[in-house]
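From a predicted model like this one, the values you see are computed outputs, not experimental measurements. Numbers restart at 1 for each chain; the letters A, B, ... are given by sequence-line order, proteins then strands. What's counted below: heavy atoms across the whole structure, side chains too, no hydrogens, waters or symmetry copies.
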2 protein chains.
Amino acid sequence: MNRVTAFKWVPSFAQGSVRDIRVRWALEEAGIPYGDHLIGFEDQATAEYRALQPFGQVPVYRDGTVQMFESGAIVLYIAQSSDALMPADPAGRAMVMTWLFAASNSVEPFVAQLAGIDLFHASEDWAKERRPQVEEMLRKRLADLQTALGDADFFANGAFSAADILMTHVLRDLRHTTIVADYPKLAAYLARCEARPAFQRALADQLAPFKEAEARQPELAGN
Amino acid sequence: MNRVTAFKWVPSFAQGSVRDIRVRWALEEAGIPYGDHLIGFEDQATAEYRALQPFGQVPVYRDGTVQMFESGAIVLYIAQSSDALMPADPAGRAMVMTWLFAASNSVEPFVAQLAGIDLFHASEDWAKERRPQVEEMLRKRLADLQTALGDADFFANGAFSAADILMTHVLRDLRHTTIVADYPKLAAYLARCEARPAFQRALADQLAPFKEAEARQPELAGN
C-alpha cells in the first residue's frame with residue numbers, strides 16, 4: 001500500500017496547509033489508492049522518524065519501490081508515471097518541471113515570508129517595519145506570475161499538471177489576506193484549481209482526523 | 001548547441017553565486033558541451049526576455065528538445081539523462097530528487113533569509129532585531145542537515161549527484177560568514193564538492209566575463 005505520513009492534529013492556521021495535502025492531491029489526480037500514517041508532534045523528534053525525514057516534518061511517502069520526503073519531489077515522482085499530471089512529450093514534461101520549481105523556489109519564498117510574519121511575528125517591532133517591504137516584493141512577483149499565466153487556464157502547456165498542485169498550495173497560504181484578489185487571473189486560477197474534485201477529496205482527507213481529534217478533545221477546537 | 005543565459009557582469013557579492021553556475025556545473029559533470037548567452041540588466045525587463053523567463057532572471061536553458069527556466073528544474077532535467085548525476089534505479093533516482101528539493105525548499109529559504117539581511121538590509125533596525133532569530137533557525141536546520149549527512153560523502157545514495165549541486169550552491173551563500181565551519185561534516189562536504197574539477201570549470205566560466213567587463217570598465221571592479 002502506498003502510504004503518506006500526516007499529522008493527527010494541527011492548529012487551525014495550519015489546517016488545509018500541511019504539506020501532505022500536496023501528495024494526497026497528486027495521488028487523487030493520478031487515481032492511485034493510498035493510506036495515511038498519522039503522527040503526533042511527539043513523534044517528530046524521534047530517531048526513528050528522523051531516519052525517514054531529517055527535519056521531522058511531514059510528509060514521508062512510501063510505495064513498493066521508493067521511500068521519499070520533500071512534498072515537491074514526491075509530487076514530481078508521482079507525476080512522472082501519470083499522464084494526469086504530466087504530458088508524455090519531453091518539452092512538455094520539462095515545462096511541468098519548470099513551473100513546479102517556479103512554485104517551490106520562485107513564488108513560495110515570497111509567500112512564506114509574508115505568511116510567517118502574519119502568523120508568527122505580527123506583534124514584533126521588526127515585523128511591523130519589515131512587512132511593507134515583504135508585501136511589495138510579493139506583489140511584484142505575483143504581477144509577473146499573472147502576466148506569465150496570461151489567459152491560460154494552467155501554468156504548464158495550458159493543461160492541469162503537477163506544477164499547479166504546488167502553485168495552488170503556495171497561493172492558498174495567502175488566504176488570511178485579500179492579496180490574491182488584486183490579481184484577478186491568479187484568483188480565478190486558484191478557484192479553478194481548488195474546485196477540482198481531487199483537491200476537495202485531498203482537503204477533506206487531511207481535515208478529517210483534525211475534526212475527529214477536536215470532537216474527542218473539544219479544548220483543541222479554535223486553536 | 002545547448003545554451004545557458006548568464007549575466008555580462010554582476011556586483012562582487014553575486015559573483016560565483018548567480019544561478020547559471022548550477023546549470024554550468026551539471027553540464028560539466030555530464031560532459032555536455034554548451035555555450036552561454038550573456039545578457040545585461042537592461043535585458044531583464046524586455047518582453048522578449050520575459051517570454052523566456054517570467055521573472056527576468058537567469059538562467060534560461062535551451063537544447064534541441066526543451067526550453068526551460070528555474071535552475072533546479074534544469075539541473076534535474078540534465079540529470080535525468082546522465083548517470084554522472086543520477087543513478088539508474090528508481091529508488092536511487094527518487095532519493096536524488098528528494099535531496100534536490102531538500103536543498104531548494106528546506107535549506108535554501110533559511111540561508112536566503114540570513115544572506116538577504118546581511119547583503120541588503122544590514123543597517124536597518126528591523127534587520128538587527130530579526131537577525132538572531134534567523135541565524136538560530138538556520139543553525140537548527142544545519143544541525144539536522146549535518147546529522148542526515150552523517151559519515152556519507154554526499155547526500156543521496158552515498159554518491160555525488162544533482163542534489164549536491166544545489167546543496168553546494170545553497171551552502172556557498174553563507175561564505176560571507178563563518179557559520180558552516182561550526183558544522184564540520186558540512187564544511188568538509190562543501191570543500192569536497194567545491195574541489196570537483198567540474199565545479200571549478202563552471203565557476204571560472206561564470207567569472208570570466210565579469211573579469212573581462214572589469215578590465216574594460218575599471219570602475220566596475222570592487223563593486
Q: Can you tell me if B:Gln113 and A:Gln113 form a side-chain donor-acceptor pair at under 3.5 Å?
A: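 The answer is no; no qualifying pair exists.
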Q: Are there more than 12 heavy atoms of other residues, nucleotides or ligands under 6.0 Å from atom CD of A:Glu42?
A: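 Correct, the count exceeds 12.
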Q: Give the member of B:Gly72, B:Ala148, B:Ala51, B:Ala91 that has the highest number of heavy-atom pairs under 4.5 Å with chain A.
A: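 Top count of heavy-atom pairs under 4.5 Å with chain A: B:Gly72.
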Q: When rounded to the nearest 0.5 angstrom, what distance separates CD in A:Glu129 from CD in B:Glu129?
A: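 Taking CD in A:Glu129 and CD in B:Glu129, the distance rounds to 8.5 Å.
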Q: Quick check for you: among B:His121, B:Lys140, B:Met95, which has the greatest number of heavy-atom pairs under 4.5 Å with chain A?
A: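 Highest number of pairs under 4.5 Å: B:His121.
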Q: Taking the side chain as C-beta and beyond, is there a heavy-atom pair between B:Leu76 and A:Phe101 under 4.5 Å?
A: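 The answer is yes; the side chains approach within 4.5 Å.
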Q: Which atoms of B:Thr147 come close to chain A, meaning under 4.5 Å heavy atom to heavy atom: side chain ones, backbone ones, both, or neither?
A: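 Answer is neither: B:Thr147 stays 4.5 Å or more from chain A.
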Q: Return the OG1 to CD distance between B:Thr98 and A:Gln53, rounded to the nearest 0.5 Å.
A: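 Between B:Thr98 OG1 and A:Gln53 CD, I get 9.5 Å after rounding to 0.5 Å.
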Q: Please look at B:Arg19 and chain A and tell me whether the side chain, the backbone, both or neither of the residue comes under 4.5 angstrom of a heavy atom of that chain.
A: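 Side chain only.
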Q: Closest heavy-atom contact between B:Glu70 and A:Ala102?
A: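 Closest pair (atom of B:Glu70, atom of A:Ala102, distance): OE2-CA, 3.2 Å.
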Q: Using every non-hydrogen atom in the two residues, find where A:Gln133 and B:Trp126 come nearest and quote the distance to one decimal.
A: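 Taking every non-hydrogen atom into account, OE1-NE1, 3.3 Å.
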Q: Is A:Leu100 close to chain B through its backbone or its side chain, or both, or neither, when contacts mean heavy atoms under 4.5 Å?
A: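 Only the side chain of A:Leu100 comes within 4.5 Å of chain B.
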Q: Among B:Glu124, B:Gln80, B:Arg93, B:Met97, single out the residue with the greatest number of heavy-atom pairs under 4.5 Å to chain A.
A: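 Winner by heavy-atom pair count: B:Met97.
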Q: Against chain A, label B:Gln67 side chain, backbone, both or neither, depending on which of its atoms sit under 4.5 Å from a heavy atom there.
A: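 Only the backbone of B:Gln67 comes within 4.5 Å of chain A.
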Q: So which part of B:Pro109 gets closer than 4.5 Å to some heavy atom of chain A, the side chain, the backbone, both or neither?
A: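 Contact with chain A: none, neither part.
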Q: Give the minimum heavy-atom separation between B:Met68 and A:Ala94, together with the two atoms involved.
A: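 Minimum heavy-atom separation between B:Met68 and A:Ala94: CE-O, 3.5 Å.
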Q: Can you tell me which portion of B:Arg141 sits under 4.5 Å from chain A's heavy atoms? Options are side chain, backbone, both or neither.
A: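 For B:Arg141, backbone and side chain are both near chain A.
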Q: Considering non-hydrogen atoms only, spot the tightest contact between B:Pro54 and A:Asp144 and give its length.
A: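 Closest heavy-atom pair between B:Pro54 and A:Asp144: O-CB, 3.6 Å.
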Q: When only pairs under 4.5 Å are counted, which of A:Asp125, A:Thr65, A:Asn105 shares the most heavy-atom pairs with chain B?
A: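 Top count of heavy-atom pairs under 4.5 Å with chain B: A:Asn105.
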Q: Taking every heavy-atom pair that is under 4.5 Å apart, which of B:Phe69, B:Tyr61, B:Trp99 has the most such pairs with chain A?
A: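 Ranked by heavy-atom pairs under 4.5 Å with chain A, first place is B:Phe69.
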